There are 2 protein chains.
Amino acid sequence: MFYSRFSMRRKPSQERSRQVVEALVEATAQTIAERGLAQTTTNHIAARAGVSVGSVYQYFGNKEELVGALLDKLVGDLGHAVDRGLPLLLEADLKTIVRGLLQAGFAFLGGNEKLYLELARNWDQLSTQRFLRTLERHLQEVFRLYALRHYRELHIANLPVAVFVVTNSMVFTILHYLSLPQAPCTREVLMDELTEMAAGYLQGSAAVAG
Amino acid sequence: MFYSRFSMRRKPSQERSRQVVEALVEATAQTIAERGLAQTTTNHIAARAGVSVGSVYQYFGNKEELVGALLDKLVGDLGHAVDRGLPLLLEADLKTIVRGLLQAGFAFLGGNEKLYLELARNWDQLSTQRFLRTLERHLQEVFRLYALRHYRELHIANLPVAVFVVTNSMVFTILHYLSLPQAPCTREVLMDELTEMAAGYLQGSAAVAG
DNA sequence: GCTTATTATGAATACTTACTCATGTTCTAC
DNA sequence: GTAGAACATGAGTAAGTATTCATAATAAGC
C-alpha cells in the first residue's frame with residue numbers, strides 16, 4: 001500500500017502484522033494531530049496503536065519512516081480526491097473551476113485540519129514537499145486540459161511557473177488562515193478573494209517564458 | 001532596545017552586560033541560520049557568543065525568550081526598511097509599487113535567507129505571526145495611502161482581507177521558492193509573475209465585504 | 001504434536017539538552 | 001581600599017526520548 005517508499009525493516013506477511021502496521025500509521029496521524037509533531041514520541045504512537053514500542057521498530061527503521069508512510073497515504077488520498085472531482089469541473093469556466101478546486105481543497109481537509117496544520121508546520125522537510133509537488137502536478141494537468149478546450153481565452157506562456165505561483169499562494173494562505181486564532185474574515189470571503197486573484201491571473205496572464 | 005517584550009530575568013545595567021545580551025541575540029541568529037532552530041541549543045548559542053551557558057539565563061528566562069528577542073529585532077528592522085523605501089514608491093503606478101515591494105523584500109532577506117527560512121519553518125509559533133502581522137500592517141498603510149491618491153483606479157472593498165491574501169501569497173510563495181533545492185524559474189520570472197497576479201488582483205478587485 | 005518462522009513485548013541503554021547553583025570575578029560607590 | 005552589587009562560570013542535575021535486545025507469545029508448515 002503506502003509503505004512502499006521506505007524499505008521496511010520487516011515485511012508483514014501475516015494478517016495480524018499488516019493490521020499492526022495500519023494501526024501504527026493511523027495512530028501516527030492521530031497523535032500528530034493531537035500533540036503536534038514535535039511532541040509525538042514513538043512510545044505515544046505505539047501506545048495509541050495498542051502495541052508496544054518494539055513493534056514500531058519491527059516494521060519501521062525509525063520515526064521518520066513512520067511519518068513518511070503517513071505522508072504516502074495522504075498523498076495517495078489527495079490523488080484520488082482530485083481524480084474524482086476533475087471531470088465535472090472541466091466543462092465550467094475558469095472562475096468556477098478555481099472556486100471548485102478551493103471547495104474541494106477545504107473538503108479534503110475535512111476534519112483533519114489539525115493534522116494538516118501540524119504537517120504544514122514542518123513543510124520544507126522533504127516529506128511535505130512531496131505533497132505539494134503532487135498537488136502541483138495534478139493542477140498542471142487540470143489547466144493543461146482546460147487550455148486545450150479554451151485555447152482562445154487562456155494565454156499562459158509558462159504553465160509550470162503559473163501553477164507554482166497559484167498553488168503555493170492558495171495552499172499557504174489557506175493554511176495560515178486556518179492557523180490564526182481568530183479569522184480576519186469568513187471562509188467564504190477568503191475563497192472569493194482567492195478565486196478572484198487566481199482566476200484573474202490565469203486568465204489575463206501573458207507570462208514571460210523562464 | 002529589542003529586549004523589552006520579554007521580562008528579562010535581570011536587566012543589564014553595565015556596558016559589559018549589555019554587550020553580552022547583544023552578542024547572545026546575534027549568536028542566536030547565526031546559530032539558527034547555521035544549524036536550524038531545532039538543532040540550536042543554549043550551549044551552542046553561549047559558545048558562539050563567547051560566554052558561558054549561565055550567562056544566557058542571567059538575562060533570559062528560557063530559550064524561547066532568546067528567540068523572541070531576535071524576532072523583536074527583526075521586526076524592528078522590517079519596520080525601518082519599509083519606512084525608508086515607502087515615500088519613493090507612492091508616486092508610481094500599482095504595478096511598479098508591487099514590483100518595488102517585492103524587490104525590497106528580497107533585498108531585506110539580504111544574505112540572511114537561511115535564517116529567515118529557518119524562522120519561517122516555524123511559522124505558526126506566535127513569534128513568527130508577529131512578523132507577518134507587522135508586514136501586513138505596513139502594507140495596509142501603503143495601499144491605504146495609494147488608494148487616497150488614486151481613488152479612481154482602485155476599488156478594494158475590504159482592504160484588510162485583500163492585503164492578507166496578497167501578503168501571505170507573496171511571502172510564502174517566495175519562502176517556498178527559496179527553500180526548493182532547484183528553482184523552477186529564475187528569481188526575475190517569479191517576481192514578474194507575482195507582480196502580475198497581485199497588481200491585477202488589487203486593480204480589478206471588487207472585493208465582497210466580509 | 002512438534003518445529004520453525006513470524007510477531008510481540010517493554011525494561012534497559014545511550015544520548016541529548018534545558019536549566020541550576022555554588023563559587024569566583026569584575027565593577028561601582030563611597 | 002574596601003564593601004557590596006552586578007556579572008560570569010561550567011560542571012552538575014533532571015527530564016525526556018529514540019532505539020535495542022533478550023525473552024516470550026503466536027502462527028504456519030508438516
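Since the structure is predicted, the reported quantities are computational estimates derived from the model, not experimental observations. No hydrogens, no waters, no symmetry mates; every other heavy atom, side chains included, goes into these values.
Between C:dT6 and A:Ser17, no contact under 4.0 Å exists linking OP1 or OP2 to a side-chain N or O. The side chain of A:Ser55 contributes no N or O atom lying less than 4.0 Å from OP1 or OP2 of C:dT7. Here A:Arg10 does not reach the OP1 or OP2 of C:dA8: none of its side-chain N or O atoms lies under 4.0 Å away. The phosphate of C:dT6 has neither OP1 nor OP2 within less than 4.0 Å of any side-chain N or O from A:Arg18. Checking the phosphate oxygens (OP1, OP2) of D:dT19, a side-chain nitrogen or oxygen of A:Tyr57 falls inside 4.0 Å. Look at A:Thr42 and you won't find any side-chain N or O under 4.0 angstrom from OP1 or OP2 of D:dT19. The phosphate of C:dT16 (OP1 or OP2) has no side-chain N or O of B:Thr41 nearer than 4.0 angstrom. Side-chain nitrogen and oxygen atoms of A:Ser13 include at least one within less than 4.0 Å of the OP1 or OP2 phosphate oxygen of C:dT7.
Set against D:dT9, C:dT7, C:dC27, the side chain of B:Ser52 has D:dT9 as its closest nucleotide. Each of C:dA8, C:dC19, D:dT19 was ranked by its minimum atom distance to the side chain of B:Asn62; first place goes to C:dC19. Distances were taken from every side-chain heavy atom of A:Val53 (C-beta onward) to each of D:dA18, C:dG10, C:dA18; the shortest belongs to C:dG10. In the set C:dA11, D:dG10, C:dT6, the nucleotide with an atom closest to the side chain of A:Gln14 is C:dT6. Comparing D:dT17, C:dA8, C:dC19 by their nearest atom to the side chain of B:Lys63 picks out C:dC19. Which of D:dA18, D:dT9, C:dC19 sits closest to the side chain of B:Asn43 comes down to C:dC19.
Between the P atom of D:dA18 and the CD1 atom of A:Ile45 lies a distance of 8 Å, rounded to the nearest Å. Regarding B:Arg9, its CZ atom lies at a distance of 14 Å from the P atom of D:dC7, rounded to whole Å. Look at CD on A:Glu15: it is 11 Å from P on C:dT7, rounded to the nearest Å. Regarding A:Arg35, its CZ atom lies at a distance of 11 Å from the P atom of D:dG16, rounded to whole Å. Rounded to a whole Å, the NE2 atom of B:His44 is 10 Å from the C1' atom of C:dT17. Rounded to an integer number of Å, the gap from CD of B:Glu65 to C1' of C:dC19 is 13 Å. Between B:Gln19 atom CD and C:dT26 atom P there is a gap of 16 Å when expressed in whole angstrom units. Between A:Tyr59 atom OH and D:dA18 atom P the separation is 20 Å, expressed in whole Å.
Between B:Tyr116 and B:Phe108, the ring planes are tilted. Angles from 30° to 60° get that label. Using cut-offs of 30° and 60° for the angle between ring planes, the B:Phe172 and A:Phe172 rings count as parallel.
When side chains are defined from C-beta on, B:Leu74 counts as touching B:Asp77, because their heavy atoms get closer than 4.5 Å.
Ion pair A:Glu34/A:Arg48 flagged as a salt bridge, since at least one NZ, NE, NH1 or NH2 atom sits closer than 4.0 Å to an Asp/Glu carboxylate oxygen. Between B:Arg18 and B:Glu15 there is a salt bridge, since a side-chain N of the basic residue sits under 4.0 Å from a carboxylate O of the acidic one.
Across all strands shown, A:Val20 has heavy atoms under 4.0 Å from sugar-phosphate atoms exclusively, and none from any base.
At a cut-off of 3.5 angstrom, the base of C:dA8 holds at least one donor-acceptor pair with the side chain of A:Gln58.
Residue whose closest nucleotide on DNA chain C sits further toward the 5' end, between B:Gln39 and B:Arg16: B:Gln39.
With hydrogens and angles disregarded, a donor-acceptor distance shorter than 3.5 Å links the side chain of A:Tyr177 to the backbone of A:Arg187.
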